[in-house]
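Numbering of ligands and ligand atoms starts at 1, following listing order.
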Amino acid sequence: MFFTSDISCLSTHTSSESEGMACSTNSEKRVKFVVVGGGIAGVTCAEQLASQFTSDSVVLLTAAPLVKTVTNYKRVAKILEDFDVEEQPSTVLEGKYPNLKVIQSAVKTLQAEEHTLHTEDERSFHYEKLCLCSGAKPKLLNRNNPHVLGIRDTDSAQEFQKRLSTARRIVVVGNGGIALELVYEVEGCEVIWAVKDEAIGNTFFDAGAAQFLIPSLALDKPERAMPCKRARYTTEPVADGAAAGMSEATVETGSALGPDWHEGISLRGAEKGSHNVTVEYQCGIKQICTQQEILQSPPGGPQSSDAGDVFFGGTWPVYVQLTNGKTYGCDFIVSATGVVPNTEPFLHGNNFELGADGGLLVDEHMHTTVLDVFAAGDVCSAGWEPSPLWQQMRLWTQARQMGWYAGRCIAAEVLEEPIELDFCFELFTHITKFFNYKVVLLGKFNAQGLGQDHELLLRCTKGHEYIKVVLSNGRMMGAVLIGQTELEETFENLILNQMDLSAYGEHLLDPNIDIEDYFD
Ligand SMILES: Cc1cc2nc3c(=O)[nH]c(=O)nc-3n(C[C@H](O)[C@H](O)[C@H](O)COP(=O)(O)OP(=O)(O)OC[C@H]3O[C@@H](n4cnc5c(N)ncnc54)[C@H](O)[C@@H]3O)c2cc1C
Ligand SMILES: NC(=O)C1=CN([C@@H]2O[C@H](COP(=O)(O)OP(=O)(O)OC[C@H]3O[C@@H](n4cnc5c(N)ncnc54)[C@H](OP(=O)(O)O)[C@@H]3O)[C@@H](O)[C@H]2O)C=CC1
C-alpha cells in the first residue's frame with residue numbers, strides 16, 4: 001500500500017501523509033519506484049510496477065492535471081494492437097492500484113547520483129528505480145512568434161480551435177501525422193499546406209499512397225456516421241494565458257494527444273463549406289513577416305500568389321514567404337514539424353547519453369546510461385540493435401509498449417531475473433486513420449533502409465483500397481494497407497515468418513485469390 005512501510009514520508013506537506021513514516025532527510029520521501037510523466041508511457045509503466053509489486057509504493061509524478069490511460073485494448077494480430085486513450089483524473093488510477101500515488105507537480109531537478117528528484121512544489125523524492133517518461137514537445141518553426149502554433153496537448157488543441165473559429169486562411173507547415181490530420185479535418189477555412197516533398201504524408205507514405213489519398217481533399221468531408229460517444233479529452237475552458245498555443249510563453253506540460261483527438265471538438269473556420277486545401281509542394285518557409293515587412297520588400301522580391309490580398313488592401317495578421325517564391329497572408333501558421341524529446345530538466349548535471357534525435361538513449365532493457373534510471377516513450381531513443389523489421393517512431397503504440405516493457409525490465413532488475421527484449425519490438429506495427437481511411441503500416445512499410453534491394457507489389461482501387469507490399473529476396477519486409485483490406489493479420493504473419501514468397505509473384509495481391517485462406 002502507498003505510504004506504508006516502504007515509503008518514508010518526511011515531507012512537510014500534510015500531516016496525514018507524514019504519519020507513521022520513517023525519514024531519510026528532513027524533506028524527502030523514500031519511494032521504491034518513481035515514474036515521471038502521466039502520458040501513456042508513464043501510466044503504463046506505473047501500472048505495470050504497481051501490479052507487480054503490490055506491497056511496494058509507486059509514485060507517478062506528472063506535470064499535467066490528468067493522466068492518460070489505455071482503454072478498449074484489442075490485439076488485432078500477434079503484434080498489431082489497437083486501443084483508445086482517455087484522459088482521466090488521477091483518482092481513477094489510484095483507485096485501481098492502492099499502492100500507486102499520482103502527484104501533480106513537475107520535476108524541477110534530478111540528482112541521479114543521489115537518487116533524488118525535486119519537484120516544482122518543493123517536494124523531494126528518493127527513489128530506488130526511476131523511469132522517465134516525460135514525452136516530447138513540438139519542434140516549432142519559430143517559438144517566439146505568437147502567430148505560429150503547435151499542437152501537442154489538450155490546451156494547445158483548444159487554442160487552435162479557438163483561433164480557427166475566426167480564421168479565413170491558415171498555413172500548415174509539415175508533412176507528417178499532424179498535418180495529415182489537420183488538412184483533412186479543418187473545414188470552413190482555406191488551408192495552404194506547405195510540404196517539403198513531392199508528395200503528401202512523407203513520414204507515413206510513398207507517392208503512390210499519397211496519390212490515392214489526395215482526391216479526398218477535393219471532396220466534402222463526409223458527415224460522421226456516428227457522433228463520438230464521449231469526449232476522450234478535456235475541452236474545459238482553461239484560464240486566460242494558460243492556452244497560448246505553443247509559443248514560448250506557454251506552459252508545455254500536457255500529455256500528447258492521440259487517436260481521434262479531433263473527434264470531440266469542432267475544427268471549423270469562419271467561412272462556409274468543407275475542404276479548401278491548396279498543397280504547395282517541395283517548399284519550406286523562407287520567412288514569416290508582418291504586412292509592413294511585406295510592403296517594404298524590395299522590387300523583384302517575393303512573388304505573391306494572392307497579390308490582391310497582399311498588395312491591394314487585404315490585410316492579414318501574418319504573412320508567409322515560401323521558398324517557392326509565393327507569399328500568403330493568413331490568420332496563423334500551424335507548425336506541424338515534428339517533435340523533440342522532452343529531456344529537460346533531467347539532463348542538467350547528469351550523465352545521460354543522447355541518441356541522434358536528442359532522446360535519452362536506452363539499451364534493450366530500457367535502461368538509460370545513468371544507474372537505476374530507465375526511460376520510455378517519446379522521450380527516449382532506442383539504442384539497441386533493432387530487428388530488421390522494426391524502427392522507432394514516436395507513436396501511442398510504442399509509448400504503451402515501451403512503458404509496459406520498461407516496467408517489466410525494472411521488475412526484472414529488482415528481482416535479479418533475466419529478461420529478453422520483448423517480442424513487440426520484432427516488428428513495427430501501426431494502425432491509424434488518415435482522410436477517413438483505416439491505415440495499417442507494417443515493418444519496413446516504406447522500404448526504410450532497404451536501398452535498391454527490394455521490389456514493390458501494388459493493388460489499388462480508387463476510393464476503396466491501396467495495398468503496397470515491400471519484398472526483399474522474395475520475403476515480405478513491410479506493407480501499407482489503406483482501406484478495409486482485412487489483410488493485416490495475414491501480412492503480419494507473412495512478415496514475421498519470413499516465408500519465401502517468390503513463387504507467388506504478383507498473385508500475392510490478386511484480388512481473385514483469397515490470400516487469407518491460402519496462407520492460414
Ligand atoms: C496531435 C497529435 C496527434 C497524435 N495522434 C497519434 C495517433 O493517432 N496515433 C499514434 O500512435 N500517436 C499519435 N500521436 C503521438 C502520441 O500521442 C505520442 O507518441 C504518445 O502520446 C507519447 O506518449 P508519452 O507518454 O511518451 O508522452 P506524453 O504523452 O507527451 O506524456 C509526457 C508526460 O510527461 C509529463 N511531463 C513532462 N515533463 C515533466 C516534468 N518535468 N515533470 C513531470 N512530468 C512531466 C507531461 O505532463 C505528460 O504527462 C499524436 C500526437 C499528437 C501531438
Ligand atoms: N495518426 C498518427 O499516427 C499520428 C501521429 N502523430 C505523431 O505525433 C508526433 C508529432 O506529429 P508531427 O508534428 O506531424 O511530426 P512528424 O514527425 O509526423 O512530421 C513532421 C513533418 O514535418 C517536416 N518538417 C520538419 N522540419 C520542417 C521544417 N523546418 N520545414 C518544413 N517541414 C519540416 C518533416 O519532414 P522530414 O521528415 O523530411 O524531416 C515531416 O514531414 C509524431 O511523432 C507523429 O508520428 C501525430 C498525428 C497523427
Original post:
Do you know the tightest heavy-atom contact between Val379 and Cys133?
Top reply: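 Scanning both residues, the minimum pair turns out to be CG1-CA, 4.1 Å.
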Can you check whether [X] has an N/O within less than 3.5 Å of an N/O in ligand 1?
X: Ala41; answer: yes
X: Ala376; answer: no
X: Asp378; answer: yes
X: Trp396; answer: yes
X: Ile151; answer: no
X: Ala63; answer: yes
X: Gly377; answer: no
X: Ile40; answer: yes

Any atoms of ligand 1 less than 4.0 Å from a non-hydrogen atom of [X]? List them with their elements.
X: Leu395; answer: 10 (C), 11 (O), 12 (N), 19 (O)
X: Thr62; answer: 43 (C), 44 (N), 47 (O), 49 (O)
X: Val36; answer: 42 (N), 43 (C), 44 (N)
X: Ala106; answer: 42 (N), 43 (C)
X: Arg394; answer: 15 (C), 19 (O)

Taking everything shown except [X] itself, do over 12 heavy atoms lie less than 6.0 Å from its [atom1]?
X: Asn351; atom1: CG; answer: no
X: Gln211; atom1: CD; answer: no
X: Glu113; atom1: CD; answer: no

**OP:** Return the option from Leu182, Leu257, Val107 holding the heavy atom at the smallest distance from atom 42 (N) of ligand 1.
**Re:**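 Among Leu182, Leu257, Val107, the closest heavy atom to atom 42 (N) of ligand 1 belongs to Val107.
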**OP:** Tell me which one of Ser134, Cys45, Gly37 gets a heavy atom nearest to atom 32 (C) of ligand 1.
**Re:**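 Among Ser134, Cys45, Gly37, the closest heavy atom to atom 32 (C) of ligand 1 belongs to Ser134.
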What part of [X], side chain, backbone, both or neither, has a heavy atom within less than 4.0 angstrom of ligand 1?
X: Asn342; answer: side chain
X: Ala399; answer: side chain
X: Gln398; answer: neither
X: Pro345; answer: side chain

Original post:
Applying a strict 4.0 Å limit to heavy atoms, is Cys133 in contact with ligand 1?
Top reply: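 For ligand 1, residue contact (heavy atoms, under 4.0 Å) with Cys133 is present.
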Original post:
Is the shortest distance from a Lys or Arg side-chain nitrogen in Asp82 or Lys438 to a carboxylate oxygen in the other one below 4.0 Å?
Top reply: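 Result for this pair is no, no salt bridge flagged.
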Original post:
Between Glu344 and Lys137, is there a side-chain N and carboxylate O pair less than 4.0 Å apart?
Top reply: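 Lys137 and Glu344: not salt-bridged.
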**OP:** Begin with the C-alpha distance, continue with both residues' side-chain angles, and end with the deciding distance and a verdict on ring pair (Phe, Tyr, Trp, His ring centres under 6.0 Å) for Phe205 and Phe212.
**Re:** CA-CA 10 Å; Phe205 308 119; Phe212 171 83; 9.4 Å; no
Subject >> Summary of salt bridge (charged side-chain N to carboxylate O under 4.0 Å, His left out) pairs that have at least one residue in residues 174-183, sequence neighbours excluded >> reply: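 For residues 174-183, and leaving out neighbouring residues, there are no salt bridge (charged side-chain N to carboxylate O under 4.0 Å, His left out) pairs at all.
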**OP:** Check whether the ring centres of His147 and Phe332 lie less than 6.0 Å apart, and answer yes or no.
**Re:**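 No, too far apart.
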Subject >> Reported NZ-to-OG distance for the pair Lys29 and Ser57, which is rounded to 0.5 angstrom >> reply: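 These two atoms lie 10.0 Å from each other.
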Subject >> Leu389 CG to Leu427 CG distance, which is reported to the nearest 0.5 Å >> reply: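 CG of Leu427 is found 6.0 Å from CG of Leu389.
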With a 4.5 Å cut-off on side-chain heavy atoms, are [Y] and [X] touching?
X: Ile200; Y: Tyr281; value: yes
X: Ser266; Y: Gln161; value: yes
X: Gln282; Y: Glu198; value: yes

**OP:** Please list, by chain and number, the protein residues whose heavy atoms come under 4.0 Å of ligand 2.
**Re:**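 Leu141, Val173, Gly174, Asn175, Gly176, Gly177, Ile178, Glu181, Lys196, Asn202, Thr203, Phe204, Ala336, Thr337, Gly338, Val339, Arg394, Leu395, His430, Thr432, Phe434.
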**OP:** Classify the side-chain pair His126/Glu114 by whether it contains a donor and acceptor separated by less than 3.5 Å.
**Re:**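 Side chains of His126 and Glu114: no pair found under 3.5 Å.
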**OP:** Using only heavy-atom distances, determine whether the side chains of Gln401 and Asp422 contain a donor-acceptor pair under 3.5 Å.
**Re:**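 The answer is no; no qualifying pair exists.
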